[in-house]
Novice: 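Okay, handing you the structure first.
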Amino acid sequence: MNSSIVRQNFLDFFRNKGHEVVPSAAMVVKNDPTLMFTNAGMNQFKDIFLDNAPVKFKRIANTQKCLRVSGKHNDLEEVGHDGYHHTMFEMLGNWSFGDYFKQEAIQWAWEFLTDVMKIDKERIYVTIFEGDQSEGLDRDLEAYNYWNKLIDENRILPGNKKDNFWEMGDSGPCGPCSEIHVDIRPDVERKALDGKMLVNKGNPRVIEIWNLVFIQYNRRVSGELELLKNKHVDTGMGFERLCMVLQNKSSNYDTDIFQPIIQEIASLTRIDYGKSENTDVAMRVVADHLRAVAFAIADGQLPSNAKAGYVIRRILRRAVRYNYTFLEQNKPVIYKLMPALLSTMGEAFPELKSQWQLIEKVIYEEEQAFLHTLETGDKRLKESINTLKNEKKNALSGKIAFELYDTYGFPLDLTELILKENNLAVNRQEFDQAMTEQRNRSKSAAAVESADWVMVRPDGSQGEFVGYDRLHAEVRICRFRKLKTKDKQFFHLVLDQTPFYAESGGQVGDTGYLDDGEEKIRITNTFKEHGLIIHVAEKLPQDVSQVFEAVVSGKARRETANNHTATHLLHHALREVLGKHVEQKGSLVNADYLRFDFLHYQKMTEDEITAVEILVNQKIREGIERKELRETSMEEAREMGAMALFGEKYRDRVRVIQFGDSVELCGGTHVDSTSQIGLFKILSESSIAAGVRRIEAITGGKAEAWYRNLEKKMNSVEQLLNSPQDVKKAVETLIEEKSSLQKQVERYAREATHALKEDLLKKVHKAGDYNLISAVLENTIGDPGIIRDVAYQLRGEVGDLFLVIGAVVGDKPHLAVMIHDNLIRDKKLHAGEIIKTAAREMEGGGGGQAFFATAGGKNAAKLEKAVGKAVEMFRKAVEEE
RNA sequence: GGGGAAUUAGCUCAGUUGGCUAGAGCGAUUGCAUGGCAUGCAAUAGGUCAGGGGUUCGACUCCCCUAUUCUCCA
């Protein structure tokens, strides 16, 4: 059965059972600081499980793009070595929020697998939670009984807490689960050994395909479990595995989801898939990682050097590394696989299709950049290998291996591989130690201790955001919790209603204070977590149960609104000036400035930037009133021509902000009329990634100050130039004059040097077989470089020379000694040594090379003495013969 | 959020305990050779050594601060 039909069958099946089918949420998570990527189907429903959001549909089904590359689930290093690990995969799920529970979940799962998918019942095994004494939990008899009606009791296996008790994290909703396993071994093997012996034993042919989670408890920070009022069902079935079973394959990578990509890799590298284990692993790695990276970019997450973007970069790099080592590709090739990926997934995921050009471009540039990193590391490693060989050692210090990895991004396994080719190894113990140190440093810096929520009001639930209309409100605290990091403690507050805007859509969170009439509690930030609006406070009020006046910092809010509305106008103007391909890729809006990242493939010209600025300022002067639809449907918003952003969570009600022709879906705060912005000025336009450009701009008072500053600078320049008619020409003239004067000065300096040289040539004395020049210059000299130049010239003109020159530079004595090579060789003279001794005479120090050295001192009166000392040392050495 | 590193000519990079009058390759310009081209030969230009402060007789080199980029951990 073709994979797209499998997907469709699943969704149809549950739609017929009264489920609302919703689209996959973005793989890149916004508005949840505890998670970077969607790593399970339930992520987008977390708010509901935590009771922070109302239930809109009691039954939902979907297929969810998931990425497991960080945190609790990290499968990255496993990918490729077997047939079933992936970084990115699809999770098919059906959900009940306080509606049906174990009976229907089990019944329907069975029906779908055996009736619709026609999987052989003799190959299916299920597990149920066996109970756990330490938690005081009994065997999940309920689930057992429902299963027993459908399947032979020999096929119902008990499972321990690790496999059969599901938890979201250290605290939060949790409950027992029931897994469905399929035995896909050939009949001969199945006869020889009963499949139930292999369930959850890591056999690649006896695999879990579906996990039914029955959420009935909440775990507190203390570890205690409490029963939930509303019980939920959360199921997840690995789409790729299901396809493997249905297509009678022994690996996910042999299904029609991956084969087109793998075959394309084979044809590009001219290596057949199945030829050898190493190249097979590499091909699977490349195919898997391409999928993950392409979807991440389509969801708006570009590779970068920090956080989520860095994780994406690392996935791609792992693919490049395998490509480089095992498929021997040292030029970018992964980007060439995009058409193959589109052919398998482009239909089901339109975002992939609409952004493929960007994805291809970004992957190409990343490949190239990392290949360069590898080259640099390779060079450094070869240097170390040479040193090792010279020193006749056979192990590379772990410190150096770690430095290669930590600082230059050169992978350890590649280091080991190259060393092995040279019969060398890495000192792993040292490496691991350095790694541990690195980890500990990070942990101690990032550790945040968080306590349980304390419920002040019984239900602890919050009210709405009222900040679109008001900047202050009467509020009560619903709940709070204490947090502690290494060097400070603070509090999170949830209010019954709030005027504070929580960080979202690029706009920063509000600041301000809570006032109880006696003291003001500062609110330093506001953000959303699992649907809660959280206010960060420096301390807790004396009495948390009273009523407070919540006040948002108005100035910051107004300036932020200026920048946010200006961002919309900018977005619209860019589309006018550059074309409709311009699409938002990210933005930052705070009180100081705005930053807008967008798709565009060339650097903007000066004229384009000016045109955009003019257009935005025009709109500002037109004083366009804001039109706001707070609760409208997605369809209506689309009809209005709203530009929807990437990564929007599925919602049926949306907010639309309109300023004339600019219509956007946006939750942020805006000005009433564009005229409030006052003025708009672009400060910079630059590139942040392949195909993505960034504009930074300022508005209002900040823009005004910028122009005032410019005027001031201009005025002061004009004043200096005696207010010429044409400033540019006046400066050009100055520059020309300066360079011609500089040339003259250089000519005079050359002449002076020449004269000085001639002068010194007259002072050549014979001293034995050698020529001696010693002199104290009468005139002070501005630049010691002149003495150096003369010394070097004399060295070329006078053979067997010993030269010592003293001069006053500024008001300090300066000494230079130049010795000819054969003097150094024959008499073991060293200019640096001589000058050190001589400089002591004038209370100074110095040094240099054997043939030329300089020194300075403090006592100019003793200059002559110092020169004399140098000469004396020379004579002594020469006469010693 | 924390650690490490880098920033030198238009580009890619050397510069080894502080002192070699800052270099190489590619590119650019000019000239020469060849019927022409690929190319070859020769010469020339091009540098606030990221920016700012400090230590020193002397800093590309050592120390501090800032910016940007890379990289690892979380």
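Throughout, a chain's letter reflects where its sequence line sits, starting with A, and its residues are numbered from 1.
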Novice: Does Arg441(A) place a side-chain N or O at less than 4.0 Å from the phosphate oxygens OP1/OP2 of A74(B)?
Specialist: no
Novice: Taking the six-membered ring where the residue is Trp, are the ring centres of Tyr405(A) and Phe410(A) under 6.0 Å apart?
Specialist: no
Novice: How far, in whole Å, is A45(B) from A38(B) if one measures between their P atoms?
Specialist: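 Straight-line distance between the two P atoms is 26 Å.
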Novice: Measuring only the P atom in each nucleotide, how far is G19(B) from A28(B)? A whole number of Å is fine.
Specialist: 35 Å
Novice: Looking at every strand, decide which applies to Arg795(A) at a 4.0 Å heavy-atom threshold: base, sugar-phosphate, or nothing.
Specialist: nothing
Novice: Could you tell me which non-hydrogen atom of Ile819(A) sits nearest to which non-hydrogen atom of Ala850(A), and how far apart they are?
Specialist: CD1-O, 4.0 Å
Novice: Closest-nucleotide mapping onto RNA chain B: is Phe370(A) or Gly844(A) further toward the 5' terminus? I mean the 5' end.
Specialist: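 Nearest-nucleotide comparison on RNA chain B picks Gly844(A).
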Novice: Is there a side-chain contact between Tyr408(A) and the phosphate of A6(B), meaning an N or O under 4.0 Å from OP1 or OP2?
Specialist: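 Indeed not, no polar side-chain atom of Tyr408(A) lies that close.
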Novice: Please determine, for G1(B), whether a Watson-Crick or G-U wobble partner exists with both distances under 3.5 Å, and give it or none.
Specialist: C73(B)
Novice: Heavy atoms, side chains only, cut-off 4.5 Å: are Leu683(A) and Trp706(A) in contact?
Specialist: yes
Novice: Please pick, from G3(B), C70(B), C73(B), the nucleotide with the shortest atom-to-atom distance to any side-chain atom of Arg317(A).
Specialist: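 Closest of the options to the side chain of Arg317(A): C70(B).
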Novice: Can you tell me how far CZ of Arg693(A) sits from OG of Ser684(A), rounded to the nearest 0.5 angstrom?
Specialist: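 One finds 10.0 Å between OG of Ser684(A) and CZ of Arg693(A).
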Novice: For A24(B) versus G46(B), give the span between their C1' atoms, rounded off to a whole number of Å.
Specialist: 15 Å
Novice: Would you classify Ala839(A) as touching base, sugar-phosphate or nothing, given that sugar-phosphate means primed atoms plus P, OP1 and OP2, and contacts are heavy atoms under 4.0 Å?
Specialist: nothing
Novice: With a 4.0 Å cut-off on heavy atoms, is Asp789(A) in touch with a base, just the backbone sugar-phosphate, or nothing at all?
Specialist: base
Novice: When you measure only distances, ignoring hydrogens and angles, does the side chain of Thr854(A) come within 3.5 Å of the base of G58(B) through a donor and an acceptor?
Specialist: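 Absent.
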Novice: For Lys836(A) and G19(B), what is the distance between atoms NZ and C1' respectively, to the nearest whole Å?
Specialist: 11 Å
Novice: OP1 or OP2 of C13(B) sitting under 4.0 Å from any side-chain N/O of His372(A)?
Specialist: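 True: His372(A) side-chain N/O within range (under 4.0 Å) of C13(B) OP1/OP2.
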Novice: Counting the atoms with a prime plus P, OP1 and OP2 as sugar-phosphate, which does Phe851(A) contact under 4.0 Å by heavy atoms, base, sugar-phosphate, or nothing?
Specialist: sugar-phosphate
Novice: Remember a base hit wins even if backbone is also touched, and classify Gln438(A) as base, sugar-phosphate or nothing at under 4.0 Å, heavy atoms.
Specialist: base
Novice: Could you work out the separation of C64(B) and A6(B) based on their P atoms and round it to a whole Å?
Specialist: 13 Å
Novice: Assess, by modelled atom type and distance only, whether the side chains of Asn427(A) and Ser397(A) contain a donor and an acceptor separated by less than 3.5 Å.
Specialist: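 No.
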Novice: Just checking Arg840(A): base, sugar-phosphate only, or nothing, at a heavy-atom cut-off of under 4.0 Å?
Specialist: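 Result for Arg840(A) = nothing.
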Novice: Taking for each residue the nucleotide of RNA chain B bearing the nearest heavy atom, is the 5' side occupied by Gly848(A) or by Ala855(A)?
Specialist: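 Per heavy-atom nearest nucleotide, the more 5' residue is Gly848(A).
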Novice: Pairing check on U29(B): which nucleotide meets the Watson-Crick or G-U wobble criteria with it, both distances under 3.5 Å?
Specialist: A43(B)
Novice: Taking C63(B) as the reference, what is the distance to G47(B) when you measure between their C1' atoms (whole Å, please)?
Specialist: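 Approximately 25 Å lies between the C1' atom of G47(B) and that of C63(B).
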Novice: Looking only at atom C1', what distance separates A5(B) and A50(B), rounded to whole Å?
Specialist: 15 Å
Novice: Are Glu403(A) and Arg380(A) ion-paired here, with the side-chain N under 4.0 Å from a carboxylate O?
Specialist: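 Looking at Glu403(A) and Arg380(A), the cut-off is not met.
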Novice: Could you tell me which non-hydrogen atom of Val426(A) sits nearest to which non-hydrogen atom of Ala401(A), and how far apart they are?
Specialist: CG1-CB, 3.7 Å
Novice: Counting side-chain heavy atoms from CB outward, which of G4(B), C13(B), G19(B) is closest to Lys379(A)?
Specialist: C13(B)
Novice: So if I take every side-chain heavy atom of Arg313(A) and compare against G19(B), G4(B), C70(B), which nucleotide ends up nearest?
Specialist: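 Of the candidates, C70(B) comes closest.
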Novice: Could you work out the separation of U39(B) and U48(B) based on their C1' atoms and round it to a whole Å?
Specialist: 39 Å
Novice: Could you tell me how far apart Phe527(A) (CZ) and G1(B) (P) are, to the nearest whole angstrom?
Specialist: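 My rounded result for the distance is 14 Å.
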Novice: With rounding to whole Å, what would you report as the distance between G51(B) and G58(B) at their C1' atoms?
Specialist: 22 Å
